[in-house]
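Hydrogens, waters and symmetry mates play no part in the numbers below; they use all other heavy atoms, side chains included. Residue numbers start from 1 in every chain, and the chains themselves are labelled A, B, ... in the order their sequence lines are given, proteins ahead of strands.
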Amino acid sequence: MDRVILRRLELLNQLSLTETQKDEVIAFFADRENDAKVLENIDTSNVERMVHVMPVMTVVREDIPSQPFSRDDLQKGAPETDEGYWCVPRVVE
Amino acid sequence: MIYTAKKDVNSACKIVAEDMLLTTDMPTAAGSKMLDGYMSLLEAEVLTILKDKGYGVCGKADVGEFAIDLLGETSYNGANTADGKLLNSSSEILKANEADAVIALDVNGTTRRAAAQNGLVSVKPTYGTVSRYGTVPVACSGETVSVMAKDAKTCRKVLDDIAGHDDKDGTSLPESEIAKKADAKEIKRIAIINDMMADVSDDVKANIDSAVAKLDVEVVNIDSSVIASSRPAWNILMSAELCNNVSRYDGVKYGHRAEKFSGIDELYTNSRTEAFGDLLKTAIIFGSETLSTENYMKVYDKALRTRRVIVEEFAKIFAEFDAVMIPACSKAFYTEDDVKADKYVSYKENFYTAPASITGLPAVVAGGVQLIGKAFSENALLELASKI
């Protein structure tokens with residue numbers, strides 16, 4: 001991990017770290033490299049990935065009509081709204 | 001802050017929900033400034049079930065930001081401390097007899113560490129036996145709704161009441177699977193994994209010795225470096241899932257929005273930067289890196305394959321033993337200095353809780369020790385825990 005990769009990850013995740021935080025994150029990644037060495041010792045060459053620990057199946061059911069949340073209810077916690085719309089800064093110049 | 005919200009209820013059995021469970025009559029913040037004051041339109045299914053069965057939900061307990069820390073110290077409300085020791089909100093509520101049980105979301109072992117350090121009992125059930133609908137999602141493939149109480153009997157009763165299939169939760173198991181927990185056999189042979197005992201304090205070793213002395217079971221010490229490798233694999237999976245789950249918080253439709261921004265990108269970045277704490281930001285960056293093109297196969301895919309190796313290792317152990325006993329934490333209590341010295345200490349201390357998190361196996365904490373059993377053996381584990 002270096003500052004160039006870290007900057008890319010900051011941009012990707014919409015975060016902006018202070019210089020102190022960047023140093024801390026780089027130190028954190030150095031620790032994780034030791035973890036990687038632990039995993040290297042586990043032989044997974046003929047092992048399938050395990051995404052779900054329990055047998056999870058696609059849920060199939062009939063469509064059941066129900067009352068959706070109203071726009072007013074959904075916008076009660078919104079930072080800024082105007083006549084039923086969520087407001088954000090201009091996105092097209 | 002111990003409670004983020006309180007309310008009067010008229011019920012013989014009072015429940016407190018950790019602030020990772022959505023409620024419609026009290027705000028839910030998940031310990032994050034991002035969700036400060038957030039009022040949900042839906043309620044966690046487990047709380048609806050409990051209310052229908054006569055329980056009263058009398059408050060919300062504060063948690064660390066998205067429940068990935070040690071005991072709740074990363075809450076935006078600040079850490080709870082006494083004489084330099086870190087306190088956990090839920091265990092303080094139970095010790096003060098203000099509730100009969102706490103319903104928690106065990107993401108990274110907080111509930112188990114809190115129970116172990118406070119002489120309480122907790123049960124993290126088999127993954128898929130209790131609905132996660134209406135919980136704040138963090139590490140969906142391993143987190144489970146859990147119960148903490150003063151004794152095993154109360155944990156058993158509450159767990160029996162909340163376990164069951166839920167159509168609204170895509171990871172909820174069918175009733176036929178969940179019903180297997182009624183068939184759990186009595187625990188007669190226990191394995192203690194030596195690899196998990198090397199770095200624990202004398203107090204924790206004494207808890208293990210005390211538990212062994214109280215139980216009328218055969219106890220054998222075994223080695224397993226595979227089980228001890230759960231922590232790095234879980235850290236990768238947890239962070240990757242967390243990174244995806246918290247990407248929804250952008251300050252547009254709900255949650256914190258920065259006051260100053262010059263365009264949409266700055267709105268997102270400033271809102272997330274202001275609202276998220278250091279541990280969460282680092283977890284997001286780490287999770288994102290594990291999923292990058294360069295690292296996906298080397299890191300994330302490796303962790304998924306390691307998960308299967310760990311599951312198979314447990315299966316081998318359970319061919320000979322009925323349960324595994326390991327610590328839930330390395331020491332009897334944590335101090336503010338522990339976190340000042342290493343703000344990422346929860347990524348190390350979850351060495352003891354990662355094995356059950358990554359495998360979805362049930363884990364019961366009692367008398368300061370952790371018992372992990374076969375899938376659906378939580379009733380047998382709780383029966384054993386009642387004797388510790």
Side-chain angles (χ1 to χ4, degrees), chain A residues 1 5-6 8-18 20-22 24-25 27-29 31-32 34-59 61 64 69-70 73-81 86-91 93, chain B residues 37-39 41 126-128 141-142 167 170-171 173 177 225-226 229 231-233 235 243 247 250-257 261-270 272-273 276 278 281-282 284-286 288-289 299 301-309 311 343-344 347 358-360 375:
Chain A
M1 173 58 61
I5 297 173
L6 185 52
R8 180 172 60 85
L9 292 168
E10 281 180 79
L11 290 170
L12 191 64
N13 291 289
Q14 305 280 8
L15 292 170
S16 178
L17 303 181
T18 64
T20 305
Q21 287 171 329
K22 285 176 187 171
E24 290 170 348
V25 172
F28 173 85
F29 269 84
D31 257 1
R32 301 289 77 75
N34 294 329
D35 289 351
K37 287 174 190 159
V38 174
L39 292 185
E40 280 170 16
N41 291 328
I42 306 286
D43 181 8
T44 55
S45 50
N46 292 307
V47 178
E48 291 289 313
R49 295 149 48 111
M50 182 176 254
V51 178
H52 295 291
V53 291
M54 292 291 157
V56 174
M57 57 214 77
T58 304
V59 179
R61 60 165 174 76
I64 304 167
F69 295 121
S70 73
D73 283 342
L74 287 167
Q75 292 195 325
K76 275 180 186 164
E80 189 181 353
T81 58
W86 278 273
C87 296
V88 293
R90 181 187 292 273
V91 292
E93 296 297 332
Chain B
Y38 173 71
M39 287 300 296
L41 297 180
T126 307
Y127 184 86
S141 77
D167 276 341
T171 59
L173 294 170
E177 289 289 313
S225 59
V226 170
S229 69
R231 182 184 65 84
N235 281 341
C243 168
S247 64
D250 57 10
V252 173
K253 290 186 176 173
Y254 59 93
H256 174 76
R257 177 181 286 196
F261 48 82
S262 60
I264 188 71
D265 281 327
E266 261 194 22
L267 184 155
Y268 297 146
T269 302
N270 293 357
R272 287 165 64 83
T273 298
F276 292 158
D278 286 355
K281 284 174 185 160
T282 304
I284 293 169
I285 297 274
F286 178 56
S288 175
E289 175 69 344
V299 181
D301 184 85
K302 176 76 180 181
L304 287 177
R305 291 175 202 275
T306 303
R307 170 184 262 169
R308 186 175 296 280
V309 174
V311 167
K343 66 171 66 170
Y344 308 122
Y347 268 71
I358 198 169
T359 57

Item to check | Heavy-atom donor-acceptor pair, B:Arg307 side chain to A:Val53 backbone, under 3.5 Å | outcome: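 Checked: no pair found.
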Next on the checklist: Given 3.5 Å as the limit, does a donor-acceptor pair link the side chain of B:Arg308 with the main chain of A:Glu48, or not?
Outcome noted: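 Yes, because the side chain of B:Arg308 sits within donor-acceptor range (under 3.5 Å) of the backbone of A:Glu48.
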Residue part contacting chain A, namely of [X], when any heavy atom lies under 4.5 Å:
X: B:Val252; value: both
X: B:Asn235; value: side chain
X: B:Leu41; value: both
X: B:Tyr344; value: side chain
X: B:Ile285; value: both
X: B:Thr359; value: backbone

Checklist entry - Between B:Gly142, B:Ser288, B:Gly360, which shows the greatest number of heavy-atom pairs under 4.5 Å with chain A? => result B:Ser288
Item to check | Top of B:Leu267, B:Asp278, B:Val226 for chain A proximity - count of heavy-atom pairs under 4.5 angstrom | outcome: B:Asp278
Which distance, rounded to the nearest 0.5 Å, do you find between the [atom1] of [X] and the [atom2] of [Y]?
X: A:Asn13; Y: B:Phe276; atom1: CG; atom2: CZ; result: 9.5 Å
X: A:Leu6; Y: B:Glu289; atom1: CG; atom2: CD; result: 9.0 Å
X: A:Asn41; Y: B:Ser229; atom1: CG; atom2: OG; result: 9.0 Å
X: B:Ile284; Y: A:Leu12; atom1: CD1; atom2: CG; result: 11.0 Å
X: B:Tyr347; Y: A:Asp31; atom1: OH; atom2: CG; result: 12.0 Å
X: B:Arg305; Y: A:Asn46; atom1: CZ; atom2: CG; result: 9.5 Å

Checklist entry - Nearest heavy-atom pair of A:Leu39 and B:Lys302: which atoms, and what distance? => result O-CE, 3.0 Å
Next on the checklist: Go through it in stages, so that I can follow the logic: the residues are B:Thr171 and A:Met54, the test is side-chain contact (heavy atoms from CB on, under 4.5 Å), and I'd like the CA-CA distance, side-chain angles, deciding distance and then a yes or no.
Outcome noted: CA-CA 8 Å; B:Thr171 59; A:Met54 292 291 157; over 6 Å; no
Could you tell me which of [options] has the largest number of non-hydrogen atom pairs under 4.5 Å with chain B?
options: A:Leu74, A:Asn34, A:Leu9, A:Leu11; result: A:Leu9
options: A:Arg32, A:Lys76, A:Glu10; result: A:Arg32
options: A:Val91, A:Val38, A:Ile42, A:Val25; result: A:Ile42
options: A:Gly77, A:Pro79, A:Ser16, A:Cys87; result: A:Pro79

Item to check | Neighbour count above 12 (heavy atom, 6.0 Å) for B:Lys253 NZ | outcome: no
Item to check | Partners meeting salt bridge (charged side-chain N to carboxylate O under 4.0 Å, His left out) with A:Glu80 (sequence neighbours left out) | outcome: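 Checked A:Glu80 against salt bridge (charged side-chain N to carboxylate O under 4.0 Å, His left out); matches are B:Arg257.
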Next on the checklist: Is the shortest side-chain heavy-atom distance between B:Thr282 and A:Glu24 below 4.5 Å?
Outcome noted: no
Item to check | Intermediate values then yes/no, side-chain contact (heavy atoms from CB on, under 4.5 Å), B:Thr269 and A:Gln14 | outcome: CA-CA 4 Å; B:Thr269 302; A:Gln14 305 280 8; 2.8 Å; yes
